[in-house]
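In what follows, chains are A, B, ... by sequence order, proteins preceding strands, each numbered from 1.
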Amino acid sequence: MINRKKGKKGIALVEVLIAVGILGVTLVPIFQLGITGIESSFFSAREIKAESLLLEQIEGLRSARDRSWEELQLGSFYVAVENGVWSLVEAETGFDDGIYTKQLQIEEVYRNIADVIVSVGSSGSSVDASTYRVVATVSWRSLRDRTISFEFYLTRFRESSSWIQTTEADFSAGDFQYTRTTLVGDGEIELQGGCAENPQDGPLLFDELFYNTWVIHPSAFNDIRIVDETEGEVYEGEYSLELISFGGADTKFRNVSGVCTLGFTTFEFWVYSTAEIDQTFGLHGAWDQAFEPVTVPPQEWTFISMPYSDVSGDDGDNLDFIFFKPFADYLIGTILYLDNVTLSGGAGGYFLEGTFESAVFDAGRVTVFNRISFTAQELVSTSVGFQVATSNNPDGPWLYYGPGGTTVSNDLYQAQTGEGIWLGNNAGRYLRFKAYLRSDDGQETPILEEVIVNYFL
Amino acid sequence: MSKKQSGQALLPLLIVLVISVSLATLAIEMSISSILIDRTFLNSLVGYYSVESVLENAFIRWLRDPGYEGETIEVNGLDCQSTVTGTSPWLFEASCQADIYVRKMSAQVSWVDGEMVIEDFAESR
C-alpha cells in the first residue's frame, strides 16, 4: 500500500509534464500559424490598399483624358488632385509616400499600315498620336517588396468633330483644275466640259485641210491661206497653213460651229518661221484670254506643245478662235507656216481628269485628322478620289498623300463611307484635300456633292 | 489518485489544443480567403481595364475605317476580342478572359454628320 501511494503521486506529476510537453510542441507551430495568418491579413490589407491606389491612378488619368487629350504627355507621372481636379504630375520614379510608390508610364503606340497596334518602331509603322499605352504600377514595402502593375490603352475617341464642305460657297474657295462648280443642288463639283457631241473628225483642227468646221475667219481671208509645197513650207503631206500678213494685225481661224474642244489637255502644232532670227508671237483661244508667248527658231519646223488651259484660259468654254498676234519685236514681213494643228491628251467632251483643291481648314490648334468621307455620283466610267495634306502653316507647303502614304495620283481615298487618313500625315493645324475627278471616256462626269473630314477637337 | 482521476491533466490540454487549432485554422482560412479575394479583385481589375482598352481601340479604328469589323488583341497577356456588327447604329462588343473570368463591354455607335456618337457604353454580360 505504502509503495502504491508513492507511485500514484509520481504519475500525476508525469502527466502534467507530458501535458506541458505536448502543449509546448504543438502550440508553438499553431501560434506560428496564427501569427502568419494575422500577418498575412495585414499584408493583404496593404495589397488591397495598393490596388485601390492603382485604381485611383488609372481613374485619375482617365479623368484628365476626358477633360482634354492635350493633358496627356509621354513620360512618367502620378496623379494628384490639383485645384480640385485630378492632374498628372511628372515624376521620373513616381510618387513615394514612404510605403507605397505609384507611377503611370505613358508610352507611344505604333500602328502598321492596316492600323493594327504593333511593337514600338516596327518596320513600316507610324506613331499613332491618338493612342497611348499606359503602364500603371504600385509598389510597396512589406516583409518583401511587392509590385502590382498592368497596361492598358487610352484613346482620343471622345473628342471628334467634322469639317464639311458641301455648298457652292465652300467649294468656290478652293482651286480648280479642269473642274468647276455646278448648282444642281446646293453646290457640286464636276469635270469641265460637257460638249453634247465629240468632234466628228477627232481632235484635228488642221492637217491637209480644216477639220471639225474650223474655218478661216472672214476678216482674215487676206491673212491666212492654205498653201502647198510649191507655194511655201509644208511639214507633212501636201498642204500647210500660211499666215501671210503676220507682220501686222492679229490673224485667226475660227471654230465656226462651236465644235467641242473641251476634254483635251494639250494644244499642239508644227510651226515654221521665215525670219532669220528667233521670233516670238502670242496665241490664245478666247476673247478674254491673255496671249501665251511662243518662240520659234528661224527657218526650221518646230513642234510646239502647250497646255490646253494656256490657250483656253480657265473659263471652261470651247475654243472660239485661234488668234496669232505678233509681239513687239516681231519682224515685219515674217511669215509663219503651221501644220498638224491638233488637240491631244483626252477624248473630247469632259476632261478625262480634273482636280479640286479645297480651301484651307484651320482646326484652331495642332490636332489629328481621322477620316475622310464623301458623297458623289459616280458612274461606271467615272471615279472620285482624294488625297490629304496637313500643315502647321496656313500657307503650306501642301503635300498631298493617299492612304498608301505616297503622293502618286493613283494613291487615293476612294470609299464614300470613309477611310482613315494615313497616320504618317494626319497631324497638323491646317488641312486641305485634293479631289481627283476622272472620266474614262470623257462622255460623263462624276459629280462631287459633299466632303467630310473627321478630326479631333 | 483514483482510477477516474487518471489522465485529468490531459483534459485541459486537449481543450487548449482544440481552441488553439481552431484559432489557427481560422486565421489561416482568413488569410487564404483574403489572398484569394485580392487575387480575384486584381484579375478583375486587369480584365476590366483590358476590355475597356480593347473597346477604345475599336472606336478609334472604326473612326478611321468604317469597314473595321473587329480584331483579336492581347492586352496584359489576356486574349481579348472586339467585334463591330450592324449598321446605323453599329454594335461594338469587346471581351477579355482573365483566369476563369470573362469581362465584356459593349456600346452602340452612330455616325451623325461626320461625327461618332457613342451610346450605351457599359459593361455587359
Side-chain angles (χ1 to χ4, degrees), chain A residues 8-9 11-12 15-16 18-20 22-23 26-27 29-41 44-45 47-48 51 54-55 58 115-117 128 130-131 136 148 150-158 160-164 370-371 373 415 417-421 423 426 452-454, chain B residues 1-2 5-14 16-17 20-21 23-35 37-39 41-42 45-46 48-68 71 73 75-78 111-116 118:
Chain A
K8 281 180 182 173
K9 280 180 183 173
I11 287 168
E15 284 180 357
V16 169
I18 291 171
V20 169
I22 292 171
L23 273 177
T26 55
L27 279 186
I30 287 170
F31 282 143
Q32 192 62 48
L33 275 175
I35 289 167
T36 304
I38 291 165
E39 277 181 349
S40 180
S41 295
S44 186
E47 186 162 343
I48 288 171
E51 288 165 356
L54 196 66
L55 204 55
I58 295 168
D115 212 19
V116 174
I117 293 174
D128 180 4
S130 303
T131 306
I148 52 175
F150 63 81
E151 65 170 31
F152 58 98
Y153 296 105
L154 275 184
T155 73
R156 200 180 183 179
F157 71 93
R158 290 184 183 277
S160 79
S161 186
S162 61
W163 177 51
I164 301 175
N370 300 308
R371 184 197 291 195
S373 56
T417 50
E419 289 179 72
I421 295 171
L423 293 179
N426 71 339
I452 299 175
V453 177
N454 178 279
Chain B
M1 192 176 261
S2 68
Q5 288 174 315
S6 173
Q8 270 185 343
L10 291 174
L11 194 60
L13 167 69
L14 282 173
V16 170
L17 275 179
S20 302
V21 168
L23 286 174
T25 306
L26 188 65
I28 294 294
E29 186 189 343
M30 282 174 62
S31 170
I32 292 170
S33 171
S34 177
I35 290 169
I37 290 169
D38 285 351
R39 194 154 296 169
F41 180 63
L42 187 59
L45 271 187
V46 172
Y48 179 83
Y49 287 106
S50 297
V51 77
E52 195 159 13
S53 282
V54 172
L55 202 57
E56 284 199 18
N57 179 60
F59 288 150
I60 203 93
R61 288 204 57 184
W62 183 82
L63 191 57
R64 296 168 177 155
D65 175 15
Y68 176 73
E71 66 185 305
I73 184 171
V75 184
N76 285 305
L78 307 181
W111 188 251
V112 182
D113 294 332
E115 294 178 27
M116 185 168 70
I118 299 171

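The two atoms that bring A:Thr155 and B:Asn57 nearest to each other are CG2-N, 4.1 Å, heavy atoms only. Of all non-hydrogen atoms in B:Glu115 and A:Ser161, the two that sit nearest each other are OE2-OG, 3.5 Å. Scanning all heavy atoms of the two residues, the minimum distance from B:Leu42 to A:Glu51 falls at CB-OE2, 3.5 Å.
Shown here are the side chain to side chain contact (heavy atoms under 4.5 Å, CB included) partners of B:Ser33, two or more places apart in sequence or in another chain: B:Ile37. With sequence neighbours left out, the side chain to side chain donor-acceptor pair (under 3.5 Å) criterion links B:Ser50 to B:Asn76.
Only the side chain of B:Ile118 comes within contact range of chain A, judged by heavy atoms closer than 4.5 Å. With a 4.5 angstrom heavy-atom cutoff, B:Glu29 does not touch chain A via any of its atoms. Both the backbone and the side chain of A:Val116 come within less than 4.5 Å of a heavy atom of chain B. In this structure, chain B has a heavy atom under 4.5 Å from the side chain of A:Thr131, while its backbone stays farther away. With a threshold of 4.5 angstrom between heavy atoms, A:Leu154 approaches chain B through its backbone and through its side chain. Heavy atoms of B:Trp111 lying under 4.5 Å from chain A belong exclusively to its side chain. Both the backbone and the side chain of B:Glu56 come within contact range of chain A, with heavy atoms under 4.5 Å apart.
Heavy-atom pairs under 4.5 Å with chain B peak, among A:Ile117, A:Ile452, A:Asp128, at A:Asp128. Interface summary for chain B: among A:Leu55, A:Val453, A:Ile18, A:Ile148, the most heavy-atom pairs under 4.5 angstrom belong to A:Leu55. The most heavy-atom pairs under 4.5 Å with chain B, out of A:Ala45, A:Ser162, A:Gly418, come from A:Ser162.
Remark: the backbone N or O of A:Gly420 is not paired with any side-chain donor or acceptor of B:Asp65 at under 3.5 angstrom. For A:Ser373 (side chain) and B:Gly114 (main-chain N/O), no donor-acceptor pair under 3.5 Å exists by modelled atom type.
With rounding to the nearest 0.5 Å, the separation of CZ in A:Arg156 from CD1 in B:Ile60 is 8.5 Å.
Contact check for A:Ile421 versus B:Arg64: no side-chain heavy atoms found under the 4.5 Å cut-off. Between A:Ile48 and B:Phe41, every side-chain heavy-atom pair lies at or beyond the 4.5 Å cut-off. Side-chain contact between A:Phe152 and B:Glu52 is absent, with no heavy atoms from C-beta onward closer than 4.5 Å.
Between B:Tyr49 and A:Phe150, the ring planes lie parallel to each other; the angle is under 30°, not in the 30° to 60° tilted range.
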